[in-house]
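For the numbers below, each heavy atom of this structure counts, side chains included, while hydrogens, waters and symmetry mates do not. In each ligand, atom 1 is the first atom listed, and ligand 1 is the first ligand listed.
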Amino acid sequence: MLKYSRIAGTGSYLPEKVLTNHDLESMFETSDEWIRERTGIRKRHLAAPDQTTVDLAYIASLRALEAAGVTAEEVDLIVFGTTTPDLVFPNCGALLQDKLGIRTACPAIGLEAACSGFMYSLSIADKFIKLGEAQCALVVGAETLSRIVDWTDRSTAIIFGDGAGAAVLKPADAPGIISTHLHTDGTYKDLLYCSGGPSRGFKQGTDGRIDAFIRMTGNEIFKVAVKSLGAIVDETLAANNLDKSAIDWLVPHQANIRIIQATAKKLDMPMERVIVTVDEHANTSAASVPLALDTGIRDGRIKRGDLILLEAFGGGLTWGSALIRY
Ligand code: UT7
């Protein structure tokens with residue numbers, strides 16, 4: 001018999017070092033005012049040189065496990081969304097499993113869906129639990145995007161930051177995760193990509209740097225994001241026969257305040273019902289939704305029983321949503 005999954009606990013972590021918009025003003029031609037107006041971002045956090053994606057995920061995971069009241073040994077599935085893995089392999093799920101001291105040989109999945117990584121990971125973990133193949137799933141979104149940002153490119157350097165978020169899923173008699181919706185359109189692959197990879201190879205630029213950086217056509221992505229997120233909101237409501245007024249909280253991907261406002265408008269939602277953290281940590285890709293979710297839960301805005309719509313959008317292009325009864 002199919003079961004349901006629910007979010008038992010969440011956790012998040014931002015590295016200590018902060019880079020403000022004013023700091024960026026000394027790196028290339030930009031201004032705090034331009035960045036705030038166009039994106040809503042005030043600052044971003046950067047991993048320390050010796051901190052990896054798994055290190056950030058480890059702290060977020062410990063916090064999520066504590067909030068869920070479970071021990072690491074109880075975890076029987078890890079799904080880890082990231083675009084900036086520590087290594088090509090082993091996958092970050094395996095590295096996190098080892099770091100958490102889990103010795104049960106539970107499956108650990110590394111998943112790359114760019115900024116939609118957490119939505120994809122959540123959807124997969126939900127299905128394992130529904131099918132009875134997992135009883136305690138650790139779902140992670142974590143990134144060290146600062147390692148693939150071209151710090152000479154002002155169109156991307158202002159946007160991204162490092163961070164991690166995690167959620168523990170447990171089986172439930174009533175739906176916690178009500179539905180998930182995932183999409184990819186690979187025809188948009190050239191709008192947002194990393195310019196180097198193990199199979200295509202890494203070129204060396206004239207400045208001597210290895211060319212493996214985020215490349216983005218921001219204004220085109222902006223248009224597709226607003227359209228796709230509007231459509232997935234409709235799809236999620238229609239799949240559940242719900243009116244938009246039923247949603248208590250929108251927890252959107254934290255990429256750009258103007259994209260967030262457009263999605264809130266589509267839902268006729270006042271911004272007071274939207275969890276916004278983009279000003280605090282910029283776009284942390286796969287970490288962005290769990291970071292915002294954890295913020296809303298820990299500061300007491302999101303309460304047990306609330307109906308929450310999560311959504312994200314990123315390179316691929318990929319996008320996804322989840323309707324959750326918290
Ligand atoms: O998770 C998904 C990942 N990506 C996104 O969500 C990105 C979505 N897109 C965006 O957030 C916006 O497109 C940006 C914030 C990246 C850019 O804002 P925009 O309003 O779309 O600006 P634009 O790219 O159309 O550029 C407008 C102007 C250009 O100058 P000209 O050609 O009009 O003279 C740019 O050169 O702004 C200039 N510009 C900057 N100026 C100051 C670009 N970056 C900067 C900057 N500071 N950092």
Side-chain angles (χ1 to χ4, degrees), residues 19-44 81-84 111-121 141-146 148-163 165 182-186 188-195 213-232 251-264 276-292 310-321:
L19 193 68
T20 66
N21 292 347
H22 292 295
D23 294 330
L24 292 175
E25 286 172 354
S26 62
M27 293 164 66
F28 39 73
E29 203 185 322
T30 191
S31 68
D32 171 54
E33 193 190 358
W34 191 96
I35 300 170
R36 276 191 290 107
E37 265 177 22
R38 300 283 175 125
T39 68
I41 297 167
R42 288 190 301 116
K43 58 189 174 80
R44 65 286 296 137
T82 187
T83 314
T84 45
L111 191 149
E112 199 286 291
C115 301
S116 311
F118 184 78
M119 305 311 307
Y120 274 65
S121 300
E143 305 278 7
T144 45
L145 290 166
S146 60
I148 59 166
V149 162
D150 178 353
W151 290 103
T152 65
D153 174 10
R154 68 176 182 174
S155 69
T156 51
I158 60 159
I159 298 234
F160 296 104
D162 301 339
L182 305 176
H183 295 284
T184 297
D185 186 343
Y188 290 119
K189 62 189 184 304
D190 298 327
L191 291 186
L192 181 54
Y193 61 96
C194 181
S195 54
F213 299 118
I214 298 172
R215 301 293 178 213
M216 182 176 87
T217 312
N219 45 15
E220 286 301 315
I221 293 184
F222 191 99
K223 288 182 229 159
V224 187
V226 170
K227 205 171 114 213
S228 312
L229 292 174
I232 210 166
V251 183
H253 175 42
Q254 308 290 320
N256 183 312
I257 190 67
R258 292 183 292 139
I259 299 176
I260 294 173
Q261 285 162 343
T263 311
V276 176
T277 53
V278 66
D279 51 327
E280 288 293 317
H281 55 65
N283 183 348
T284 55
S285 187
S288 125
V289 170
L291 265 164
L310 312 183
E311 48 86 341
F313 179 91
L317 296 176
T318 56
W319 60 104
S321 68

Between Thr184 and Trp319, which heavy-atom pair has the shortest distance, and what is it?
-> C-CZ3, 4.1 Å
Before signing off on this row, confirm whether Ser155 and ligand 1 have an N or O atom pair separated by under 3.5 Å.
-> no
Trace of the side chain to side chain contact (heavy atoms under 4.5 Å, CB included) decision for Ile148 with Thr84 = CA-CA 8 Å; Ile148 59 166; Thr84 45; 3.8 Å; yes
How long is the gap from NE2 on His183 to OH on Tyr120, to the nearest 0.5 Å?
-> 8.0 Å
Met216 heavy atoms, cut-off 4.0 Å: which ligand 1 atoms fall inside?
-> 4 (N), 7 (C), 16 (C)
Nearest non-hydrogen protein atom to atom 16 (C) of ligand 1, with distance, is Ile159 CD1, 3.5 Å
Indicate yes or no: at least one non-hydrogen side-chain atom of Asn283 is less than 4.5 angstrom from one of Cys115.
-> yes
Atom 11 (O) of ligand 1: closest protein heavy atom, distance to 0.1 Å, is Asn256 ND2, 2.7 Å
Any protein heavy atom lying closer than 4.0 Å to atom 31 (P) of ligand 1?
-> no
Numbering as shown, the atoms of ligand 1 that approach Ile158 to under 4.0 Å (heavy-atom distance) = 48 (N)
Mode of Thr39 contact toward ligand 1 - side chain, backbone, both, neither (heavy atoms, under 4.0 Å) = side chain
Protein contact of atom 6 (O) of ligand 1 - nearest heavy atom, named by residue and atom, plus distance = Ala255 CB, 3.5 Å
List the closest protein heavy-atom neighbour of atom 5 (C) of ligand 1: residue, atom name, distance to the nearest 0.1 Å.
-> Ile221 CG2, 3.9 Å
Pick one of side chain, backbone, both or neither for how Thr156 approaches ligand 1, counting any non-hydrogen atom pair under 4.0 Å.
-> neither
Leu192 heavy atoms, cut-off 4.0 Å: which ligand 1 atoms fall inside?
-> 3 (C)
Asn219 N/O to ligand 1 N/O under 3.5 Å = yes
Beyond-backbone contact of Phe28 with Thr152, side-chain heavy atoms, under 4.5 angstrom | no
With a cut-off of 4.0 Å, which atoms of ligand 1 are near a heavy atom of Gly218?
-> 8 (C), 9 (N), 13 (O)
Measure from atom 37 (O) of ligand 1 to the protein's non-hydrogen atoms and state whether any distance is below 4.0 Å.
-> yes
Got a second to check how far Ile257's CD1 is from Thr39's OG1, nearest 0.5 Å?
-> 9.0 Å
May I ask you to list the atoms of ligand 1 that are less than 4.0 angstrom from any heavy atom of Arg258?
-> 18 (O), 20 (O)
Considering heavy atoms of the protein only, find what lies nearest to atom 26 (O) of ligand 1 and give residue, atom and distance to 0.1 Å.
-> Arg38 NH1, 4.5 Å
Of all protein heavy atoms, the one nearest atom 29 (C) of ligand 1 is Arg154 NH2, 4.9 Å
Would a 4.5 Å heavy-atom cut-off, applied to side chains only, mark Glu37 and Glu33 as touching?
-> yes
For atom 28 (C) of ligand 1, which of Phe28, Trp34, Phe222 has the closest heavy atom?
-> Trp34
of all protein heavy atoms, closest to atom 47 (N) of ligand 1 is Thr30 OG1, 2.7 Å
Does any non-hydrogen side-chain atom of Met216 lie less than 4.5 Å from one of Ile159?
-> yes
Within a strict 4.5 Å, meaning less than it, do heavy atoms of the Lys43 and Glu280 side chains meet?
-> yes
List the atom of Ile35, the atom of Leu24, and the distance in Å for their closest heavy-atom pair.
-> CD1-CD1, 4.1 Å
Applying a 4.0 Å heavy-atom criterion (strictly less than), which segment of Ile35 is in contact with ligand 1: side chain, backbone, both, or neither?
-> neither
Indicate yes or no: does Asp150 engage Arg215 in a salt bridge with an N to O separation below 4.0 Å.
-> yes
Roughly how far apart are Ile41 CD1 and Asp32 CG, rounded to 0.5 Å?
-> 11.5 Å
Residue pair Glu143 / Thr83, side-chain donor-acceptor N/O under 3.5 Å | yes
Report yes if Phe313 has an N/O atom closer than 3.5 Å to an N/O atom of ligand 1; otherwise report no.
-> yes
